[in-house]
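Here the structure comes first, spelled out in structure tokens, and everything after it is commentary.
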2 protein chains.
Amino acid sequence: MSTIRGARERARIEVTAAIKDEARKQLAAEGAAKLSLRAVARELGMASSALYRYFPSRDDLLTALIVDAYDAVGEAAETARATADRARPRPAPYADRWVAVAGAVREWALAHPHEYALIYGSPVPGYSAPMDTVGPASRVGMVLIGLIRDAFREDGLAVPPLAAELRAEAERIAADIAPDLPPAVAPALVAAWAQLFGLISFEIFGQFNRMVEAREQLFRQAAGELARSVGLRGSPAAG
Amino acid sequence: MSTIRGARERARIEVTAAIKDEARKQLAAEGAAKLSLRAVARELGMASSALYRYFPSRDDLLTALIVDAYDAVGEAAETARATADRARPRPAPYADRWVAVAGAVREWALAHPHEYALIYGSPVPGYSAPMDTVGPASRVGMVLIGLIRDAFREDGLAVPPLAAELRAEAERIAADIAPDLPPAVAPALVAAWAQLFGLISFEIFGQFNRMVEAREQLFRQAAGELARSVGLRGSPAAG
DNA sequence: CAACAACGAGAGCAGTGCTCTTGCTTTTGA
DNA sequence: TCAAAAGCAAGAGCACTGCTCTCGTTGTTG
């Protein structure tokens with residue numbers, strides 16, 4: 001299925017990867033705004049025009065980086081989940097696993113701030129994300145949903161109260177993302193999802209500068225509260 | 001103090017405003033990335049080089065727009081607070097006023113998505129915001145703090161539980177932003193602040209597309225929960 | 001082995017941010 | 001009052017960008 005057929009194809013894969021690597025390097029160094037195709041080509045020792053054989057435009061290169069970034073955070077979240085599940089002597093309560101997943105996302109963001117900015121920064125209105133991105137973009141969300149679903153099946157959920165005006169919407173969302181969950185958790189879940197990234201974004205983008213010092217503790221505390229808001233019962237001493 | 005001394009000074013003010021207006025227009029049309037000094041100058045019928053008498057660089061123009069945007073959203077929050085205070089026959093509970101302020105910020109963001117992206121999008125690490133921005137940037141936060149402070153004085157607060165490992169940090173933050181409040185609310189307030197903008201950012205940046213429909217209701221619900229998380233007691237029927 | 005498709009390189013176009021120089025106009029101070 | 005100083009607009013120009021087109025070259029395939 002993925003057998004490489006010849007030298008040409010093999011070279012294409014390698015060059016494509018080299019371009020993305022160099023682009024990522026420039027992204028980390030100067031930010032997305034200053035990422036330049038010509039500079040990438042220069043650094044790779046090739047003509048700038050040759051680069052267009054691999055990515056038809058600068059936006060396409062950026063899109064590829066976006067997809068990779070989504071995949072990277074998604075994988076970070078997934079391995080965090082898997083690791084938490086495998087804890088000994090027994091896995092921690094689901095609320096703690098939620099915090100672990102959230103913490104992994106935060107760690108990834110701290111380690112790759114520019115890539116984080118690329119995907120959760122300013123996907124300006126008017127530029128609608130290409131279809132390629134929607135799959136990878138949902139991986140983190142999927143981990144969170146899966147966590148809630150498993151917690152529901154195993155321990156049950158402290159289903160949050162649902163405002164009357166949100167009932168229809170709750171059922172719509174639930175049908176969309178998790179038909180087997182009580183509808184009331186659906187709005188709480190999307191809200192918690194957004195708020196999680198609000199916490200991370202504020203930290204990454206420097207809004208906490210000269211104000212919050214113990215950022216990890218603050219984040220863990222807030223993430224724990226969010227876990228409760230979606231119905232997860234935490235360990236009593238969790239904080 | 002602000003008397004205009006001559007034709008030259010008056011002209012300078014007008015031209016500066018015209019440049020910012022045109023820049024804002026381009027910002028709204030194409031986004032910050034495509035904002036071009038030459039295009040602004042062209043549209044204003046002046047030489048591009050002349051523009052540098054008013055803004056020494058493109059980044060300075062952007063900074064000016066950032067300051068204006070911070071001021072605009074700050075003013076939106078402040079008037080929302082003032083309006084809520086003036087409600088008849090009597091002002092609503094503080095939790096509802098909190099939601100009103102949050103809603104005003106959201107409304108402003110929806111009306112000015114590109115300017116919102118400018119200030120809460122990707123202030124990339126490495127680019128530290130100039131000093132001019134820190135004042136205006138804190139206006140929204142000030143409104144939220146003031147709200148909590150007044151609520152504390154009038155009704156008292158349901159002080160949220162404080163994790164032991166956050167005690168020192170809580171006192172630090174409280175001393176910084178609101179020495180007269182119980183330290184335990186400080187971390188909750190900072191977190192709620194970040195989470196509020198997480199909700200708004202996800203909506204503005206399209207992360208809710210094809211998923212959440214009743215966005216205002218969801219936002220009001222979540223904002224109400226955040227009000228509770230900082231200790232505000234809401235009206236029992238509040239949604 | 002010949003036809004074909006993929007490729008790399010170079011020249012070139014239109015656009016950008018920014019600088020420097022050249023004249024002109026307003027403000028200022030002796 | 002009137003010359004010096006300071007502020008201003010405009011043009012040319014530099015180095016850079018994304019992107020296109022053309023022209024040889026090289027790997028693939030019937």
Notebook entry, point to check: Side chains of A:D60 and A:S57: donor-acceptor distance under 3.5 Å anywhere?
Noted result: yes

Next item on the list: Select one nucleotide: of D:dC19, C:dT16, C:dG17, the one nearest the side-chain heavy atoms of A:S57.
Entry: D:dC19

Check: Contact class for A:R58 vs. all strands (heavy atom < 4.0 Å): base, sugar-phosphate, or nothing?
Finding: sugar-phosphate

Note to self: As a test of reading the structure: which of D:dT20, D:dA10, C:dT16 is closest to the side chain of B:S49, going by heavy atoms?
What the structure shows: D:dA10

Next item on the list: Let me know the distance between CG of B:L51 and P of C:dT19, rounded to the nearest Å.
Entry: 13 Å

Check: Please give, in whole Å, the distance from D:dC16 C1' to B:L37 CG?
Finding: 15 Å

Note to self: Distance check, rounded to the nearest 0.5 Å: A:L196 atom CG versus B:F202 atom CZ?
What the structure shows: 8.5 Å

Next item on the list: With the side chain of B:A50 defined as its heavy atoms from C-beta on, choose the nearest nucleotide among C:dC18, D:dA9, C:dA5.
Entry: D:dA9

Next item on the list: In plain terms, say whether B:R97 and B:D150 are close enough for a salt bridge, that is, a side-chain N and a carboxylate O under 4.0 Å apart.
Entry: no

Next item on the list: Would you mind reading off the distance between A:E9 atom CD and C:dC7 atom P, rounded to a whole angstrom?
Entry: 9 Å

Checklist line | Side-chain-base donor-acceptor pair under 3.5 Å for A:R53 and C:dG8 | finding: yes

Note to self: Tell me whether the side-chain N/O atoms of A:R8 come closer than 4.0 Å to OP1 or OP2 in D:dT26.
What the structure shows: no

Note to self: It should be established whether A:R42 places a side-chain nitrogen or oxygen under 4.0 Å from OP1 or OP2 of nucleotide D:dT17.
What the structure shows: yes

Margin query: Any carboxylate oxygen within less than 4.0 angstrom of a Lys/Arg side-chain nitrogen, looking at B:K25 and B:E22?
Written below: yes

Notebook entry, point to check: What's the closest nucleotide to the B:S36 side chain, out of C:dT16, D:dC19, C:dC7?
Noted result: C:dT16

Next item on the list: Grab the CG-P distance between A:L62 and D:dG18 for me, whole Å please.
Entry: 10 Å

Note to self: Tell me whether the side-chain N or O atoms of B:R38 pair up with the base of C:dG17 as donor and acceptor below 3.5 Å, since no angle test is needed here.
What the structure shows: yes

Note to self: How many whole angstroms separate atom CG of B:L44 from atom P of D:dA10?
What the structure shows: 11 Å

Check: Is any side-chain N of the basic residue among A:D176 and A:R172 closer than 4.0 Å to the acidic one's carboxylate O?
Finding: no

Next item on the list: Measure the distance from NZ on B:K34 to C1' on D:dG18 and round it to the nearest whole Å.
Entry: 11 Å

Notebook entry, point to check: How close or far is atom P of C:dC7 from atom OH of A:Y54, stated in whole angstroms?
Noted result: 6 Å

Notebook entry, point to check: Is B:L61 touching bases, backbone alone, or none of the nucleic acid, heavy atoms closer than 4.0 Å?
Noted result: nothing

Checklist line | Protein-nucleotide distance (B:M46, atom CE; D:dG11, atom P), rounded to Å | finding: 12 Å

